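Right, one structure below, let's go through it.
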There are 2 protein chains.
Amino acid sequence: MTEEKKIFRDYVKSRGLKHTAQRDEILTYLLKSGRHMSPEEVFHTLRERDPKLGRATVFRTLKLLEECRLASRVTDANGHQTYEGSYGKPHHDHMICVRCGRTVEFSSPRIESLQARIARRKGFQVQWHRHEIFGRCSRCENKI
Amino acid sequence: MTEEKKIFRDYVKSRGLKHTAQRDEILTYLLKSGRHMSPEEVFHTLRERDPKLGRATVFRTLKLLEECRLASRVTDANGHQTYEGSYGKPHHDHMICVRCGRTVEFSSPRIESLQARIARRKGFQVQWHRHEIFGRCSRCENKI
DNA sequence: CTGATACTGAGACTCAGTATCAAAAAGAAA
DNA sequence: TTTCTTTTTGATACTGAGTCTCAGTATCAG
Ligand SMILES: [Zn+2]
Ligand SMILES: [Zn+2]
Ligand SMILES: [Zn+2]
Ligand SMILES: [Zn+2]
């Protein structure tokens with residue numbers, strides 16, 4: 001069992017929740033894919049294997065994975081939610097190609113600290129942030 | 001006629017579009033309010049005066065205002081779209097209170113230039129960005 | 001004025017996400 | 001293993017934002 005699965009089981013237990021086959025499937029799929037995926041994409045893929053899987057379960061589970069820091073949420077170019085496995089990954093933000101949808105991750109300690117300073121100065125207690133840059137990736141630069 | 005209205009008329013004309021009473025009402029309301037407003041809020045308020053106003057017209061017009069830089073779009077804490085009049089306002093980003101919804105504007109030339117540099121380094125052509133910080137504003141710091 | 005064209009609004013539709021709730025599964029305890 | 005409580009599931013209906021369509025209407029250049 002991977003580290004992530006163990007963390008998930010522990011988290012679930014510690015909150016008095018239950019571990020289920022569906023939750024396991026969803027986590028497994030998210031980890032394996034390594035990409036950003038919409039709940040809808042997860043739902044459709046896994047439903048092929050398990051035709052009884054419910055849409056709501058997928059949404060609920062992804063939210064749960066977010067709570068225990070195994071997944072993180074990114075808003076795509078159309079304003080829709082997307083999840084990526086985030087265990088062991090340090091914080092990062094995204095550049096998102098408006099043509100092909102590809103995301104490029106970036107992280108900048110300097111931006112992060114400027115951000116924190118600005119918030120502090122305005123008396124704002126930061127809970128989370130979203131820093132997304134939209135445009136064209138290098139591959140799509142000259143395409144229609 | 002305000003500067004903004006003139007710009008709008010010119011833009012509309014230059015694109016071979018037409019100026020209409022509805023578009024004028026919507027722009028007027030956005031300018032007057034000075035806040036961030038959801039399309040739905042604009043729709044409901046203006047519909048009281050003009051019960052025949054259509055929801056689609058509001059969405060279409062706000063999009064048009066965005067195109068000609070008279071309005072800009074901000075995603076709120078729930079992922080919904082919001083517009084603010086932006087003529088003559090330099091670029092800025094937002095800190096959004098998750099409790100009361102209040103937004104505090106900030107701008108940081110240093111963050112902007114770091115951002116641009118990162119994008120350049122990754123061969124990314126920036127079209128726009130979204131930098132939103134969520135948390136509690138100073139007034140809501142100690143409330144439930 | 002007139003005609004070409006863009007615009008409007010009613011309403012149907014789409015799509016992401018949520019609420020409900022009875023039936024099923026988990027897991028603790030015996 | 002069996003029982004019992006609690007959580008989870010999934011079918012389904014629903015919500016709410018936003019889009020599409022299209023027939024009727026308004027705009028504006030000529
Ligand atoms: Zn960041
Ligand atoms: Zn691309
Ligand atoms: Zn900015
Ligand atoms: Zn507040």
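This one's a predicted model, so the numbers in the text were calculated from it and none came from an experiment.
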Classify the ring geometry of A:F134 against B:W128: parallel below 30°, tilted from 30° to 60°, perpendicular beyond 60°.
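If you compare the ring of A:F134 with that of B:W128, the planes turn out parallel.
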
[X] versus [Y], closest heavy-atom pair with distance:
X: B:E4; Y: B:L27; value: O-CD2, 4.2 Å
X: A:P39; Y: A:Q81; value: CD-O, 3.4 Å
X: A:D24; Y: A:H19; value: OD1-NE2, 3.6 Å
X: A:F124; Y: B:I133; value: CE2-O, 3.9 Å
X: B:L30; Y: B:E84; value: CD2-C, 4.2 Å
X: A:L64; Y: A:L17; value: CD1-CD1, 3.9 Å

At 10 degrees resolution, what angle do the end axes of the helix from C:dC1-D:dG30 to C:dA30-D:dT1 form when each is taken over five base pairs?
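For the helix from C:dC1-D:dG30 to C:dA30-D:dT1, the axes at either end differ by 30°.
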
Nearest to the side chain of [X] - [options]?
X: B:K63; options: D:dT19, C:dG9, C:dA10; value: D:dT19
X: B:F59; options: D:dA17, D:dG10, C:dA10; value: D:dA17
X: A:L17; options: D:dA11, D:dG18, D:dT8; value: D:dT8
X: A:E40; options: C:dA10, C:dA16, C:dG9; value: C:dA16
X: B:R60; options: D:dT19, C:dA19, D:dT21; value: D:dT21

Round to a whole Å and report the spacing from [atom1] of [X] to [atom2] of [N].
X: B:H44; N: D:dG16; atom1: NE2; atom2: C1'; value: 11 Å
X: A:Y11; N: D:dT7; atom1: OH; atom2: C1'; value: 15 Å
X: B:R9; N: D:dA29; atom1: CZ; atom2: C1'; value: 16 Å
X: A:D24; N: C:dG27; atom1: CG; atom2: P; value: 11 Å
X: B:R15; N: D:dC28; atom1: CZ; atom2: C1'; value: 17 Å
X: B:K52; N: D:dA26; atom1: NZ; atom2: C1'; value: 13 Å
X: B:R55; N: C:dC13; atom1: CZ; atom2: C1'; value: 13 Å
X: B:F43; N: C:dG11; atom1: CZ; atom2: C1'; value: 12 Å

Using heavy atoms to find the nearest nucleotide of DNA chain D for B:P39 and A:D50 separately, return the residue whose nucleotide is more 5′.
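Going by which nucleotide is closer to the 5' end, it is A:D50.
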
Between B:S86 and B:K89, is there a donor-acceptor pair closer than 3.5 Å when you use the side chain of the first and the backbone of the second?
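No, because the side chain of B:S86 does not come within donor-acceptor range (under 3.5 Å) of the backbone of B:K89.
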
Judged by each residue's nearest nucleotide on DNA chain C, which is more toward the 5′ side, A:Q81 or B:R23?
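Per heavy-atom nearest nucleotide, the more 5' residue is B:R23.
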
Go nucleotide by nucleotide along DNA chain C from the 5' end; which of B:G16 and B:G54 gets its closest nucleotide reached first?
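So the residue in question is B:G16.
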
Do the ring centers of A:H129 and A:H91 come within less than 6.0 Å of each other?
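Centroid distance A:H129-A:H91: below 6.0 Å, so yes.
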
Using a cutoff of under 3.5 Å, can you pull out all pairs of nitrogen or oxygen atoms linking the protein to nucleotides 22-26 of chain C, with atom names and distances?
from	atom 1	to	atom 2	distance (Å)
C:dA26	O3'	A:H19	O	3.4
C:dA26	N3	A:K18	NZ	2.8

Indicate whether the side chain of A:Q115 and that of B:H131 have a donor and an acceptor atom separated by less than 3.5 Å.
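Short answer, yes.
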
